[in-house]
Asker: 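Starting off with a structure, shown below.
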Amino acid sequence: MCDNNNTSCVNISSMLQPEDIFSRRCIWVNGPVIVGAGPSGLAVAADLKRQEVPFIILERANCIASLWQNRTYDRLKLHLPKQFCQLPNLPFPEDFPEYPTKYQFIEYLESYATHFDLRPKFNETVQSAKYDKRFGLWRVQTVLRSELLGYCEFEYICRWLVVATGENAEKVVPEFEGLEDFGGDVLHAGDYKSGERYRGNRVLVVGCGNSGMEVSLDLSNHDASPSMVVRSSVHVLPIEILGKSTFELGVTMMKWMPVWLVDKTLLVLTRLLLGNTDKYGLKRPEMGPLELKNTVGKTPVLDIGAFSRIKSGKIKIVPGIAKFGLGKVELVDGRALQIDSVILATGYRSNVPSWLKENDLAEVGIEKNPFPKGWKGKAGLYAVGFTGRGLSGASFDAMSVAHDIATSWKEETMQQIKTVASRHRRCISHF
Ligand SMILES: Cc1cc2nc3c(=O)[nH]c(=O)nc-3n(C[C@H](O)[C@H](O)[C@H](O)COP(=O)(O)OP(=O)(O)OC[C@H]3O[C@@H](n4cnc5c(N)ncnc54)[C@H](O)[C@@H]3O)c2cc1C
Ligand SMILES: NC(=O)C1=CN([C@@H]2O[C@H](COP(=O)(O)OP(=O)(O)OC[C@H]3O[C@@H](n4cnc5c(N)ncnc54)[C@H](OP(=O)(O)O)[C@@H]3O)[C@@H](O)[C@H]2O)C=CC1
Ligand SMILES: O=C(O)C(=O)Cc1c[nH]c2ccccc12
């Protein structure tokens, strides 16, 4: 592993316990270690490359943007206009539509990685990262699974650690009473590809976020009969208002108006376009859609057609789940539905608390700090893509993080050069 330009084997034995030396190969990284090769990791790497700062990227999957390549359904399109989804320093191709498909987005990310010559270390999962106060360095432990080498463990030692593993790293799979007795097909939305195999089936879609809505629409497009569980409340907004993206309208209004007024305006316009969504079982939260996104992180649904299917009864709305039984679900209102399959559109969560040790993100202040300072922690720790602002927020974080690291990397490198030069001078004068 010492073949990469950005890594070199140095004498770091003083940091290690004897058991470390025998179990893991240790690698000094002259620059930051970036964890995750999704849009956030790629964006920060590209900007570091531009500033000639060396780095390595560790990615658990065998490809870049694994969320987009492996855990999204076929018909997915970006739901924000393209100008809010491109990464820094390389715009989308001009012929991309307003809402690129996931395939176009992946193609763009592949060309982004090629353009900036980004070469993540694939199949390498970060298992733990801890800050060694004695040396002021991060110790990042990984497991590499490769066909050639099998299972190998490594430890990277570095001054800067960039967390870019995403807010959607793991599927949320809630426990339901009786699900083990259900007998039918149960799938998370992250494994759903298309409604083709559900043709003619009665499908319970659990959750009514953007995934639940779009999976239900796709099922309905494939002549399945979806029933969507809405256990609490949800903001459904049209994806566009009078030909303009609702998101863009919101962003523009936010420059001039307080968030509550933007929310009120969006809700009035939504009411004119969609009517009363409560009437169809979609109760609205007390808090407005953008305030809810900014405070709680709950993303409003940007409707691409599911709502009209709900109105026409092709997608049914049902309340929370009491329990499952053989081929059926019992709901909190006492009704029982016969169903063939279940799709859990129950969301995702970060995996950072499971591997970032001692100094967890909250402790070092990343998740606590309000935007835009949320990207910087203590002791050379950074986070990209955790401010709940989608791809545009990740791009913003990436630029800030790369700038900050480049500044301190250059300062430290200069300092090291000066120290070596002065030692060299002392040696020469000695002779
Ligand atoms: C279905 C769906 C559609 C979306 N659509 C939009 C949209 O239209 N617009 C928008 O702005 N946002 C959208 N989002 C939000 C989405 O989070 C961002 O688009 C984007 O993927 C975030 O990039 P990221 O790099 O932060 O995280 P990810 O894309 O999740 O990338 C993180 C990477 O880290 C890797 N990783 C995780 N843990 C480890 C570990 N321990 N060790 C090594 N590697 C690890 C993962 O394998 C992954 O490749 C969508 C999300 C989903 C789920
Ligand atoms: N086209 C696009 O660009 C798309 C974008 N996305 C994005 O991906 C991210 C993840 O979205 P999504 O996967 O929808 O996840 P969300 O976290 O947004 O939604 C999860 C849903 O599951 C419900 N839920 C969770 N647990 C249970 C339970 N035990 N019983 C019943 N319901 C439950 C939640 O209800 P409650 O609110 O009551 O907790 C909520 O409705 C979002 O940022 C979204 O915008 C997703 C799909 C498409
Ligand atoms: O799709 C997502 O998950 C996003 O986070 C994109 C996004 C950021 N801010 C928003 C406000 C309203 C709708 C979507 C988003």
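Atoms within each ligand, like the ligands themselves, are counted from 1 in listed order. In this chain, residues are counted from 1 in sequence order.
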Asker: Could you tell me if any non-hydrogen atom of Ala345 lies under 4.0 Å from any atom of ligand 2?
Answerer: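 Checking ligand 2 against Ala345, which is what was asked, there is a heavy-atom contact under 4.0 Å.
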Asker: Judged by atom type as modelled, is there a donor-acceptor pair below 3.5 Å linking the side chain of Lys293 to the main-chain atoms of Gly388?
Answerer: yes
Asker: With Phe324, which residues qualify under side chain to side chain contact (heavy atoms under 4.5 Å, CB included), at least two apart?
Answerer: Phe176, Leu179, Phe182, Leu204, Ile321, Val329, Ile339, Val342
Asker: So which heavy atom in the protein is nearest atom 5 (C) of ligand 2, and how far is it from that ligand atom?
Answerer: His79 CE1, 3.7 Å
Asker: List the closest protein heavy-atom neighbour of atom 9 (C) of ligand 2: residue, atom name, distance to the nearest 0.1 Å.
Answerer: Asn168 OD1, 4.2 Å
Asker: Looking at Lys298, which atoms of ligand 2 are within less than 4.0 Å of one of its heavy atoms?
Answerer: 37 (O)
Asker: Tell me which protein heavy atom sits closest to atom 48 (C) of ligand 2, plus the residue, atom name and distance to 0.1 Å.
Answerer: Tyr73 OH, 3.3 Å
Asker: Starting from atom 42 (C) of ligand 2, find the nearest protein heavy-atom neighbour and note its residue, name and distance.
Answerer: Thr299 OG1, 3.7 Å
Asker: Indicate, as side chain, backbone, both or neither, the part of Leu76 found under 4.0 angstrom from ligand 2 when only non-hydrogen atoms are considered.
Answerer: side chain
Asker: Is the shortest distance from a heavy atom of Met213 to ligand 2 less than 4.0 Å?
Answerer: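 Flag not set, Met213 not near ligand 2.
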Asker: Identify all N/O pairs between ligand 1 and the protein with a separation under 3.5 Å and present them as a table of atom names and distances.
Answerer:
residue, atom, partner, partner atom, Å
ligand 1, 8 (O), His79, N, 3.0
ligand 1, 11 (O), Leu391, N, 2.7
ligand 1, 17 (O), Asn168, ND2, 2.8
ligand 1, 21 (O), Trp68, NE1, 2.9
ligand 1, 25 (O), Pro39, N, 3.2
ligand 1, 25 (O), Ser40, N, 2.9
ligand 1, 25 (O), Ser40, OG, 3.3
ligand 1, 26 (O), Ser40, OG, 2.6
ligand 1, 38 (N), Asn351, ND2, 2.9
ligand 1, 41 (N), Val126, O, 3.2
ligand 1, 42 (N), Val126, N, 3.0
ligand 1, 44 (N), Arg60, N, 3.1
ligand 1, 47 (O), Glu59, OE2, 2.6
ligand 1, 47 (O), Arg60, NE, 3.0
ligand 1, 47 (O), Ser66, OG, 3.0
ligand 1, 49 (O), Glu59, OE1, 2.7
ligand 1, 49 (O), Glu59, OE2, 3.2
ligand 1, 49 (O), Ser66, OG, 3.0

Asker: Quick check on Lys328: does its NZ atom have over 12 non-hydrogen neighbours (other residues, nucleotides or ligands) under 6.0 Å away?
Answerer: no
Asker: Okay, side chain of Thr246, backbone of Pro238: is any donor-acceptor separation there less than 3.5 Å?
Answerer: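 Such a contact is found between Thr246 side chain and Pro238 backbone.
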Asker: Does a salt bridge link Arg119 with Asp117, judged by any charged N lying under 4.0 Å from a carboxylate O?
Answerer: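 A salt bridge is present here (some side-chain N lies under 4.0 Å from a carboxylate O).
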Asker: For residues Lys314 and Ser220, is any side-chain donor paired with an opposing acceptor at under 3.5 Å?
Answerer: no
Asker: For ligand 3, find each of its N or O atoms that sits under 3.5 Å from a protein N or O atom, and tabulate the pairs with distances to one decimal place.
Answerer:
residue, atom, partner, partner atom, Å
ligand 3, 1 (O), His79, NE2, 2.6
ligand 3, 5 (O), Lys293, NZ, 3.0
ligand 3, 5 (O), Gly390, N, 3.4

Asker: Between Asp218 and Tyr73, is any side-chain donor less than 3.5 angstrom from a side-chain acceptor?
Answerer: no
Asker: Have a look at Gly347, Gly190, Gly209 and point out the one with the heavy atom closest to atom 18 (O) of ligand 2.
Answerer: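 Result: the heavy atom closest to atom 18 (O) of ligand 2 is in Gly209.
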Asker: Of the non-hydrogen atoms in Asp397 and Gly385, which two are nearest, and what is the gap between them?
Answerer: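 Nearest pair, atom of Asp397 first, then Gly385: OD2-N, 3.0 Å.
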Asker: For ligand 2, which atoms have a heavy atom of Val206 less than 4.0 angstrom away?
Answerer: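 By the 4.0 Å cutoff, the relevant atoms are 30 (N), 31 (C), 32 (N).
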Asker: Which label fits Tyr108 and Phe105: parallel for a plane angle under 30°, tilted from 30 to 60°, or perpendicular past 60°?
Answerer: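 The rings of Tyr108 and Phe105 lie parallel, inter-plane angle below 30°.
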Asker: For residues 55-65, tabulate all N or O donor-acceptor pairs below 3.5 Å that involve a side-chain atom, not counting sequence neighbours.
Answerer:
residue, atom, partner, partner atom, Å
Glu59, OE1, Ala37, N, 2.7
Glu59, OE2, Ala61, N, 2.8
Arg60, NH1, Glu170, OE2, 2.9
Arg60, NH2, Ala169, O, 2.9

Asker: Can you figure out which of Met228, Glu167, Arg231 has its heavy atom closest to atom 29 (N) of ligand 2?
Answerer: Arg231
Asker: Identify the heavy atoms of Pro319 and Arg335 that sit nearest to each other, and give their distance.
Answerer: CD-NH2, 3.5 Å
Asker: Atoms of ligand 2 less than 4.0 Å from Lys77 heavy atoms?
Answerer: 1 (N), 2 (C), 3 (O)
Asker: Would you please determine whether Ile321 falls within less than 4.0 Å of ligand 2 on a heavy-atom basis?
Answerer: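 Not so, Ile321 does not reach ligand 2.
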Asker: Where is the nearest protein heavy atom to atom 45 (O) of ligand 2: which residue, which atom, and how far?
Answerer: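 The closest one turns out to be Asn210 ND2, 3.0 Å.
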Asker: Aromatic rings Trp138 and Tyr131: how do their planes relate, parallel, tilted or perpendicular, breaks at 30° and 60°?
Answerer: tilted
Asker: Under 4.0 angstrom from ligand 2, any heavy atom of Cys208?
Answerer: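 Under 4.0 Å: yes for Cys208.
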Asker: Taking 4.0 angstrom as the limit, do Asp74 and Lys193 come out as a salt bridge?
Answerer: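 Salt bridge: no.
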Asker: Considering only the protein, which heavy-atom contact is closest to atom 10 (C) of ligand 2, and what is its distance?
Answerer: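 Result for atom 10 (C) of ligand 2: Tyr348 CD1, 4.0 Å.
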Asker: Which residue and atom name correspond to the protein heavy atom nearest atom 12 (P) of ligand 2, and how close is it?
Answerer: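 Protein heavy atom with the smallest distance to atom 12 (P) of ligand 2: Ser211 OG, 3.3 Å.
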Asker: Does at least one non-hydrogen atom of Phe105 fall below 4.0 angstrom from an atom of ligand 2?
Answerer: no
Asker: Mark up the atoms of ligand 2 that fall under 4.0 Å of a heavy atom belonging to Pro174, in ascending order.
Answerer: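 Under 4.0 Å from Pro174, ligand 2 has these atoms: 26 (N), 29 (N).
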Asker: Measuring from atom 23 (C) of ligand 2, which candidate in Ser233, Gly207, Ser232 has the nearest non-hydrogen atom?
Answerer: Gly207
